[in-house]
Every structure is written in C-alpha cells, then in structure tokens.
Protein chains: 2
Amino acid sequence: MKLTKGIEQAICIITLLATQDPDIPVASLEIHTRLKGSLTYTKKIIRKLVVAGLVDSVSGNNGGFTLARNCADINLLQIVEALEGTIETYPDTGLIDEVFKDKQAIANQGTIALRNAFSKADVLWREALKTITVQQLLEEALGKKEILPINWNHSERRELLIRKVMKNIYGND
Amino acid sequence: MKLTKGIEQAICIITLLATQDPDIPVASLEIHTRLKGSLTYTKKIIRKLVVAGLVDSVSGNNGGFTLARNCADINLLQIVEALEGTIETYPDTGLIDEVFKDKQAIANQGTIALRNAFSKADVLWREALKTITVQQLLEEALGKKEILPINWNHSERRELLIRKVMKNIYGND
DNA sequence: GGGGCAATACTCGGATATTAATTGTCCGAGTTCTGCAGG
DNA sequence: CCTGCAGAACTCGGACAATTAATATCCGAGTATTGCCCC
C-alpha cells in the first residue's frame with residue numbers, strides 16, 4: 001500500500017509554486033522541465049490541484065499556475081486528498097460476514113468492527129499529515145524562516161512580462 | 001491508496017482458523033469455498049500467512065492449516081504486514097531535492113522532511129492496528145466472550161478424522 | 001499379521017496469463033495577449 | 001493614432017494507449033496417510 005508517485009510530484013509542484021511570485025504564473029512546461037515524468041501527466045496532476053482549490057490557473061498567453069493561498073494554509077493531507085480523494089485503507093466488501101453468515105455471527109457485526117478498526121487508524125494518519133504545512137517543509141528544506149521568491153520561468157516572453165510587472169510595482173528604473 | 005483485497009481475505013482466513021479446533025487442520029479447499037476469489041490465489045495468501053508465522057501448515061493427506069498461536073496474540077497489523085510487508089505510504093524517490101537542487105536548498109533536507117512527516121503518520125496508523133487483536137474481533141462479531149470451535153470441514157474423510165481425534169481425547173464412547 | 005507399495009489428498013512453490021490501476025499520449029477547443037495591417 | 005484581425009502561447013478536458021501492479025491459473029514436485037496385496 002503506497003500512495004501513487006503522482007503525490008510526490010504534486011508536493012513538488014506546490015512547493016515550487018510556493019516560492020514563486022504570485023503575480024507571475026508558471027507555465028506547465030516550466031514546471032515539467034523541473035520534474036520527472038511526462039508533460040501531459042504533470043498537467044493532469046496540476047489540474048487536480050486546481051479542482052481541489054490549492055492552485056489557481058490563468059489561461060491564455062502568459063498564463064500558467066499560481067498558488068491559490070498562502071503556503072502556510074496548505075498541508076500535506078490536502079495535497080494527498082486532492083489527488084486520491086479521502087483515504088480509506090480498508091478494502092471493504094463485507095466478506096467477513098459472508099464467511100460467518102451461517103455460523104454464530106451477529107449480522108454485520110464483524111464488518112462493522114473491522115471498518116471501525118481501520119477507520120481509526122486512517123484518522124490518525126490523516127491528522128498527522130494535516131499538521132505539516134508546505135511552509136514548514138520549505139523552511140526545513142531551505143533552512144531559513146524567510147522564503148525568497150524564485151522565478152522559475154525561462155522564456156524571453158516571460159522575462160518581458162516580469163520586467164513589466166516589476167515596473168508596475170517599483171516604477172521606472 | 002487502499003490495501004489489496006487480499007487483506008480482507010487474509011483477515012477472514014485467520015478468523016476462520018481461530019474458530020477451528022487446532023487439532024483438525026482445515027484444507028485450503030474448505031477455506032476457499034467460504035471466500036470469494038480463486039482457489040489458487042487463496043492458497044497464495046495462506047502461504048504468506050504461513051511464512052509470516054501466523055498460520056501453520058500440515059502437509060499430506062488430511063493436511064491443511066491451523067493457527068500458529070492463540071488468536072489473542074494476533075493483531076491486525078501482523079496480518080496486514082504478512083501480506084504487504086512494512087507499510088510505508090510515501091513513494092519516496094527524492095524528487096523534491098532534484099527540483100530545488102540548483103536553488104537555495106540544503107542538500108537532501110526536503111526529502112528528509114517529507115520522509116519524516118509521512119513516516120510519523122505511518123507509525124500512528126500501524127500502532128492503531130496493532131491494538132486490535134483477532135480475539136477482540138471475534139468477540140465483537142460473535143457477541144460473546146467464549147468462542148465456540150466450529151468445524152469447517154465437510155468431506156467424509158475429514159469426518160472420520162474428527163471422530164478419531166475425539167476418541168483420542170474423550171476415549172471410546 | 002505385517003511390510004512394502006501404490007493411490008489419495010493434501011501442501012509447496014514457481015512460471016505464466018489475465019485483469020485492473022496507474023501513468024503517459026494525443027488532439028481539438030477555448031482564452032488571453034501581441035503585433036501588424038488598414039483606415 | 002486606433003481598430004480589428006491573425007497568430008502565438010497558454011489552459012481545458014476528454015478519449016485513448018502503454019506500462020505496471022494485483023489477481024488468477026496452471027503445473028510439477030514433495031509429503032503424510034490410507035488401504036491393499038503378497039509374503
């Protein structure tokens with residue numbers, strides 16, 4: 001039982017966006033060159049993050065993706081569940097009651113007991129991941145409290161855009 | 001992220017054996033007729049339980065399987081890990097350090113942080129399952145403290161064997 | 001009657017096929033910006 | 001100068017292909033019991 005590899009990518013995408021100036025979207029192509037795997041699959045993962053509300057998409061020319069909220073408000077559980085939905089580890093088909101059906105069993109009691117047991121374990125797992133925010137991860141990874149924005153874009157067009165944004169913020173220079 | 005369906009079967013097999021007189025092994029065929037799925041796959045699951053030391057196998061005519069220890073000493077985690085090995089949910093390839101390699105990152109620190117986070121969650125999950133024994137499950141499912149042994153065998157040969165065992169225990173009758 | 005021998009009913013374990021889930025590919029459509037041509 | 005139009009650079013989203021993991025099948029081998037045959 002493992003999470004899919006997509007989870008690892010998703011975490012990378014989120015942290016990457018967390019270090020990006022939110023005024024300058026990062027194109028999926030730029031994100032892709034930083035990750036392993038295929039471009040189109042990366043897009044698929046990003047899409048799920050958008051649907052989950054963790055990432056905003058900007059379409060059109062100079063479009064791309066930005067974080068939808070502060071990285072202190074994004075935790076690991078949200079990323080995991082954005083890709084896989086609610087985590088329930090027990091593959092429940094009620095089999096155990098089937099087995100004991102004509103024996104001394106109380107109806108459905110076995111299934112319920114098992115369901116509870118795994119459900120409790122799942123809750124603990126989820127709670128643990130919920131306590132870890134992307135900000136904490138960045139601080140650990142970069143070893144400082146302040147996170148410097150990185151510009152992940154490479155294309156010339158993007159550079160122009162960046163200069164323009166800078167000009168808006170800081171005026172002519 | 002789910003456990004495999006085999007887990008559910010494994011739990012059923014263990015509980016089934018837990019209600020069986022340990023002097024009379026249950027043949028894999030008997031177990032199979034109680035479960036869904038294929039006979040050979042059921043055998044494979046049982047084999048894993050044997051290798052893990054939860055179940056004993058008796059080969060030869062009138063062979064089959066018995067619990068290797070008291071059902072109070074078998075917990076859910078042991079069953080899960082018998083089939084899947086140690087549970088580690090994070091699909092760790094160190095990708096995040098790759099992404100930040102040429103940026104401000106401290107070597108491997110991101111990977112370590114992530115590994116720790118998921119590892120803590122996994123430990124909690126495992127601990128939770130460790131507290132649930134098969135005996136507890138049976139008590140809940142059967143609604144009584146005392147678990148009556150059930151004879152799961154059906155063949156005539158088995159019936160003969162059973163009578164023989166009874167004779168050994170209780171003398172001629 | 002008892003010693004060996006074949007038949008039976010099992011497990012053991014590996015090699016291989018099938019099915020389901022994950023990952024990856026392709027393509028057509030929609031959206032925003034840019035730059036250019038014509039008035 | 002400005003209006004509108006074509007093209008570029010993106011995202012959106014669905015349909016489909018390839019790869020990998022899970023499930024299922026098959027088969028030959030080993031082992032303990034049974035029962036029978038022959039001495």
Side-chain angles (χ1 to χ4, degrees), chain A residues 1-10 13 17 24-32 35-51 55-66 83-85 91 93 95 152-165, chain B residues 1-10 13 17 24-32 35-51 55-66 68 83-85 91 93 95 152-162 164-165:
Chain A
M1 182 184 66
K2 266 210 188 327
L3 294 161
T4 63
K5 285 182 201 159
I7 297 286
E8 203 181 11
Q9 291 189 49
I13 292 165
L17 291 179
I24 308 167
V26 190
S28 56
L29 186 60
E30 294 291 344
I31 295 172
H32 169 247
L35 302 178
K36 268 137 190 170
S38 72
L39 170 61
T40 43
Y41 190 54
T42 301
K43 282 185 186 173
K44 239 177 200 176
I45 292 169
I46 299 174
R47 187 88 249 282
K48 284 190 179 175
L49 297 173
V50 171
V51 170
V55 166
D56 281 337
S57 74
V58 179
S59 72
N61 195 359
N62 286 322
F65 302 91
T66 56
L83 292 233
E84 307 216 358
T93 69
L95 181 61
W152 296 92
N153 295 296
H154 273 93
S155 73
E156 290 193 17
R157 285 178 152 268
R158 289 278 169 164
E159 294 300 331
L160 288 174
L161 177 67
I162 289 154
R163 262 178 249 145
K164 206 163 171 182
V165 169
Chain B
M1 182 184 65
K2 266 210 188 325
L3 295 161
T4 64
K5 285 181 201 159
I7 297 286
E8 202 181 11
Q9 290 188 50
I13 291 165
L17 291 178
I24 308 166
V26 191
S28 56
L29 185 61
E30 293 292 344
I31 294 173
H32 169 247
L35 302 178
K36 269 134 190 175
S38 72
L39 171 60
T40 46
Y41 191 54
T42 301
K43 282 184 184 174
K44 239 176 200 173
I45 292 169
I46 300 174
R47 186 88 249 282
K48 286 189 177 175
L49 297 174
V50 171
V51 170
V55 166
D56 281 337
S57 74
V58 179
S59 72
N61 193 357
N62 286 322
F65 301 91
T66 57
L83 291 233
E84 306 216 358
T93 69
L95 181 60
W152 296 92
N153 295 295
H154 273 94
S155 72
E156 291 194 15
R157 285 176 152 269
R158 291 278 168 164
E159 294 300 331
L160 288 174
L161 176 69
I162 291 153
K164 207 163 170 181
V165 169

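What you see is a predicted model, and the numbers here were worked out from it, not measured in a lab. Because only heavy atoms are used, hydrogens play no part in the values below, and waters and symmetry mates are left out as well, while side chains stay in. Sequence lines set the chain letters: A, B, ... in the order given, protein chains first and strands last, and positions in each chain run from 1.
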Practice problem: Go through the structure and list residues passing side-chain contact (heavy atoms from CB on, under 4.5 Å) with Lys43(B), not counting sequence neighbours. | Solution: Ser28(B), Leu39(B)
Self-check item: Qualifying residues under side chain to side chain donor-acceptor pair (under 3.5 Å), relative to Thr4(B), sequence neighbours excluded
Solution: Glu84(B)
Quiz item: Can you name the side-chain contact (heavy atoms from CB on, under 4.5 Å) partners of Val58(B), sequence neighbours left out?
Solution: Pro25(B)
Exercise. Could you check how far CG of Asn62(B) sits from C1' of dA32(D), rounded to whole Å?
Key: 9 Å
Quiz item: For dC12(D), does either OP1 or OP2 sit under 4.0 Å from a side-chain N or O belonging to Ser57(A)?
Solution: yes
Exercise. Let me know the distance between CG of Asn61(A) and P of dT32(C), rounded to the nearest Å.
Key: 12 Å
Practice problem: Sugar-phosphate atoms are those with a prime plus P, OP1 and OP2; base atoms are the rest. Using that split, label each nucleotide of nucleotides 16-24 of chain C B, S or - for protein heavy atoms under 4.0 Å, 5' to 3'. | Solution: ------SBB
Exercise. Whole angstrom is fine here: how far is it from CG in Leu35(B) over to P in dT23(D)?
Key: 14 Å
Quiz item: Once you round it to whole Å, what is the distance between P of dA9(C) and CD of Glu30(B)?
Solution: 13 Å
Quiz item: Looking across every strand, which nucleic acid part, if any, lies under 4.0 Å from Val58(A) by heavy atom: base, sugar-phosphate, or nothing?
Solution: sugar-phosphate
Quiz item: Whole Å only: how far is the CG atom of Leu29(A) from the P atom of dT11(D)?
Solution: 8 Å
Practice problem: Check side-chain contact (heavy atoms from CB on, under 4.5 Å) between Lys36(A) and all other residues, then give those that pass, not counting sequence neighbours. | Solution: Leu95(B), Glu98(B)
Quiz prompt | Between dC16(D) (P) and Lys43(A) (NZ): distance, integer Å | solution = 19 Å
Practice problem: Specify the separation, in whole Å, of atom CG of Leu39(A) and atom P of dC27(C). | Solution: 14 Å
Exercise. Starting at CD1 of Ile31(B), measure out to CG of Leu17(B) and round the result to the nearest 0.5 Å.
Key: 5.0 Å
Quiz item: Listed by chain and number, what are the side-chain contact (heavy atoms from CB on, under 4.5 Å) partners of Thr40(B), not counting sequence neighbours?
Solution: Ser38(B)
Quiz item: Rounded to the nearest Å, what distance is computed from the CD1 atom of residue Ile24(A) to the P atom of nucleotide dC10(D)?
Solution: 14 Å
